[in-house]
K.L.:
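Below you'll find the structure I mean.
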Amino acid sequence: MVVAAPTVTKTHPVARASSASYTRRGYTVVETSLEAAVGVDGLPGPALLIADMGIAECVLEDRVDPARLAAGIEALAAEGWEVTVLVPAARMGAAHWGLRGASASLQAWWPGPADSIQFGAPQVP
């Protein structure tokens with residue numbers, strides 16, 4: 001199981017939107033850094049851990065090569081986490097390419113009306 005120091009969820013709009021979908025249903029969500037969650041130095045962005053459900057969500061930042069997440073995804077999956085990578089919609093092609101065969105699903109996100117974040121259906125890379 002990943003042990004990481006929690007960070008503030010309100011700082012990242014994608015993490016905030018995803019977290020809200022779980023907390024509305026009564027689940028506990030811990031936000032941590034992506035770097036700490038996947039164990040790969042230098043990865044910017046947040047990760048959400050929903051331990052009640054065994055779900056880890058990794059927010060892929062625009063400038064990050066998706067392939068850099070692969071080893072960390074496999075480590076999380078080996079510990080029993082169901083991993084989802086939240087990907088900017090415009091980067092889904094690169095994410096499919098870079099994470100092909102990874103033990104995770106990909107889920108596109110994009111900005112919606114009134115500063116909301118919209119999510120697509122999960123996909124297998």
Side-chain angles (χ1 to χ4, degrees):
M1 180 174 257
V2 174
V3 178
T7 60
V8 180
T9 51
K10 66 183 179 180
T11 61
H12 196 286
V14 175
R16 185 176 58 238
S18 182
S19 178
S21 73
Y22 291 105
T23 57
R24 275 193 303 267
R25 293 180 281 158
Y27 295 107
T28 302
V29 178
V30 173
E31 182 179 346
T32 189
S33 70
L34 182 58
E35 178 180 40
V38 300
V40 177
D41 291 339
L43 285 177
L48 301 174
L49 304 174
I50 306 92
D52 308 1
M53 299 179 74
I55 294 173
E57 292 193 343
C58 303
V59 180
L60 181 68
E61 295 288 334
D62 242 348
R63 63 189 184 275
V64 174
D65 177 1
R68 289 188 62 203
L69 290 174
I73 287 170
E74 296 309 319
L76 283 170
E79 293 176 0
W81 293 93
E82 180 182 322
V83 182
T84 299
V85 181
L86 303 176
V87 182
R91 302 280 322 277
M92 283 296 281
H96 274 284
W97 181 258
L99 295 172
R100 184 174 313 273
S103 300
S105 59
L106 306 177
Q107 189 168 11
W109 68 265
W110 59 91
D115 295 325
S116 67
I117 299 295
Q118 307 296 307
F119 293 97
Q123 301 177 22
V124 175

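Any value given below was found using the heavy atoms of this structure, including those in side chains, with hydrogens, waters and symmetry copies removed.
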K.L.:
Nearest 0.5 Å, what's the CG-CH2 distance between Leu60 and Trp109?
P.N.:
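Going from CG on Leu60 over to CH2 on Trp109, the span is 9.5 Å.
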K.L.:
Do Ile117 and Trp110 have side chains that get closer than 4.5 Å, going by heavy atoms?
P.N.:
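No - every pair of side-chain heavy atoms lies 4.5 Å or more apart.
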K.L.:
Hey, are the side chains of Leu49 and Val29 touching, using non-hydrogen atoms and a 4.5 Å cut-off?
P.N.:
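They are not in side-chain contact.
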K.L.:
Are Phe119 and Tyr22 connected in the hydrophobic side-chain network, where two residues link if heavy atoms are under 4.5 Å apart?
P.N.:
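No.
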K.L.:
Which pair of heavy atoms, one from Val83 and one from Cys58, lies closest together, and at what distance?
P.N.:
CG1-SG, 4.1 Å
K.L.:
Classify the side-chain pair Gln107/Thr84 by whether it contains a donor and acceptor separated by less than 3.5 Å.
P.N.:
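No donor-acceptor contact under 3.5 Å links the two side chains.
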K.L.:
Any side-chain heavy atom of Leu76 sitting closer than 4.5 Å to one from Val38?
P.N.:
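When only atoms from C-beta onward are counted, Val38 and Leu76 do touch, with a gap below 4.5 Å.
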K.L.:
Which distance, rounded to the nearest 0.5 Å, do you find between the CD of Glu82 and the OG of Ser105?
P.N.:
6.5 Å
K.L.:
CG of Leu34 to CG of Leu69: how many Å apart, nearest 0.5 Å?
P.N.:
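If I round to the nearest 0.5 Å, the distance is 5.5 Å.
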K.L.:
Find out whether Pro66 and Val87 are in side-chain contact, i.e. whether some heavy atom of one side chain is under 4.5 Å from a heavy atom of the other.
P.N.:
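SC-SC contact between Pro66 and Val87 ruled out.
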K.L.:
Within this structure, what is the CD-CZ distance for the pair Glu31 and Arg16, rounded to the nearest 0.5 Å?
P.N.:
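CZ of Arg16 is found 10.0 Å from CD of Glu31.
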K.L.:
If we ignore hydrogens and angles and just use 3.5 Å, is the side chain of Gln123 paired with the main-chain N or O of Leu106 as donor and acceptor?
P.N.:
no
K.L.:
Just verifying a value: how many Å separate Leu86 CG and Leu48 CG, rounded to the nearest 0.5 Å?
P.N.:
7.0 Å
K.L.:
Testing the basics here: between Met92 and Ala108, what is the closest heavy-atom pair and its distance to 0.1 Å?
P.N.:
CG-CB, 3.7 Å
K.L.:
Is there a path of hydrophobic side-chain contacts, each under 4.5 Å between heavy atoms of I, L, V, M, F, W or Y residues, that connects Val85 with Leu43?
P.N.:
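Yes; Leu43 is reachable from Val85 via cluster members.
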K.L.:
Mind checking whether Ile50 and Thr28 have side chains closer than 4.5 Å, heavy atoms only?
P.N.:
no
K.L.:
If we ignore hydrogens and angles and just use 3.5 Å, is the side chain of Ser18 paired with the main-chain N or O of Ala15 as donor and acceptor?
P.N.:
no
K.L.:
Any sub-3.5 Å donor-acceptor pair from Glu61's side-chain atoms to Pro44's backbone N or O?
P.N.:
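Checked: no pair found.
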K.L.:
Would you say CH2 of Trp97 has more than 12 non-hydrogen atoms from neighbouring residues, nucleotides or ligands within 6.0 angstrom?
P.N.:
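12 or below, so no.
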K.L.:
Do Arg25 side-chain atoms and Ser21 backbone N/O form a donor-acceptor pair below 3.5 Å?
P.N.:
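Side chain of Arg25 to backbone of Ser21: a pair is present.
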K.L.:
Which atoms form the tightest heavy-atom contact between Ala104 and Pro125, and what is the distance?
P.N.:
O-CD, 3.1 Å
K.L.:
Using only atom types and a distance under 3.5 Å, with no angle test, would you say the side chain of Asp52 pairs donor to acceptor with the backbone of Tyr27?
P.N.:
no
K.L.:
As an exercise, state the distance from NE2 of His96 to CZ of Arg91, rounded to the nearest 0.5 Å.
P.N.:
12.5 Å
